[in-house]
Structure formats: structure tokens, C-alpha cells
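Any value given below was found using the heavy atoms of this structure, including those in side chains, with hydrogens, waters and symmetry copies removed.
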Amino acid sequence: MDYDPMLVAMLSQPWSNNACRGYVIYAMENCGFSPNDIRRVVAELYEVFDIRSLEEAQQHFEESPY
């Protein structure tokens, strides 16, 4: 079986909730969201990370219209 070095490198990186929050902040800033809206979304992420698993979040993304 051949291994894709880029995939192996990606899979070996640890999950980081704060890195995910950073990506969301970047995206929201790039889309022109207000600082108040960004704060609200980041605060909600703290809650969502506590109640949803990585698998649930991935499935939700894959099944979403976005």
C-alpha cells in the first residue's frame, strides 16, 4: 500500500480547538463580519466543542448545504 506523504503529515497533526477558532475568525474577518458577530460565534464554538464530537461535526459538515 502506498502512502501519501501529505495526507500522513495532515493526519499526524494534533486537533486544536483554538486553531479551529482561529480559522473561523480569519474567515469571518475576510467576509466582513463585525467584531461583535465574531465574538458571538467564537463564544458559541466553546459551547459546541463541549457537546459535539469531531465525528458529529464532520458528519454535519458533509451533510450541510454549505
Side-chain angles (χ1 to χ4, degrees):
M1 178 179 194
D2 293 330
Y3 291 97
D4 179 343
M6 184 173 281
L7 180 60
V8 171
M10 286 175 25
L11 292 174
S12 68
Q13 294 179 0
W15 169 258
S16 167
N17 288 356
N18 283 342
C20 182
R21 288 181 188 100
Y23 282 122
V24 170
I25 291 168
Y26 276 132
M28 293 184 76
E29 289 171 340
N30 290 346
C31 290
F33 282 83
S34 72
N36 189 51
D37 285 339
I38 295 171
R39 279 188 214 86
R40 288 177 53 222
V41 169
V42 171
E44 183 62 23
L45 283 173
Y46 279 96
E47 299 293 323
V48 174
F49 286 147
D50 287 342
I51 62 173
R52 300 292 182 176
S53 69
L54 286 173
E55 294 79 15
E56 287 175 305
Q58 180 175 339
Q59 182 178 2
H60 188 64
F61 170 73
E62 291 173 355
E63 294 175 354
S64 77
Y66 313 108

Of Glu55, Glu56, Glu62, Glu63, which is the lone residue that meets side-chain hydrogen bond (donor to acceptor under 3.5 Å, both in side chains) with Gln59?
-> Glu63

Atom pairs and distances, side-chain donor-acceptor, residues 32-40, under 3.5 Å, sequence neighbours left out:
{"residue": "Ser34", "atom": "OG", "partner": "Asp37", "partner atom": "N", "Å": "3.1"}
{"residue": "Ser34", "atom": "OG", "partner": "Asp37", "partner atom": "OD2", "Å": "3.4"}
{"residue": "Asp37", "atom": "OD1", "partner": "Arg40", "partner atom": "NH1", "Å": "3.3"}
{"residue": "Arg39", "atom": "NH1", "partner": "Pro35", "partner atom": "O", "Å": "3.3"}

Quick one: side chains of residues 41-52, donor-acceptor pairs under 3.5 Å with protein atoms, not counting sequence neighbours, listed by atom name and distance.
none

Residues passing the side-chain contact (heavy atoms from CB on, under 4.5 Å) test with Asp4, sequence neighbours excluded, are Met6, Leu7

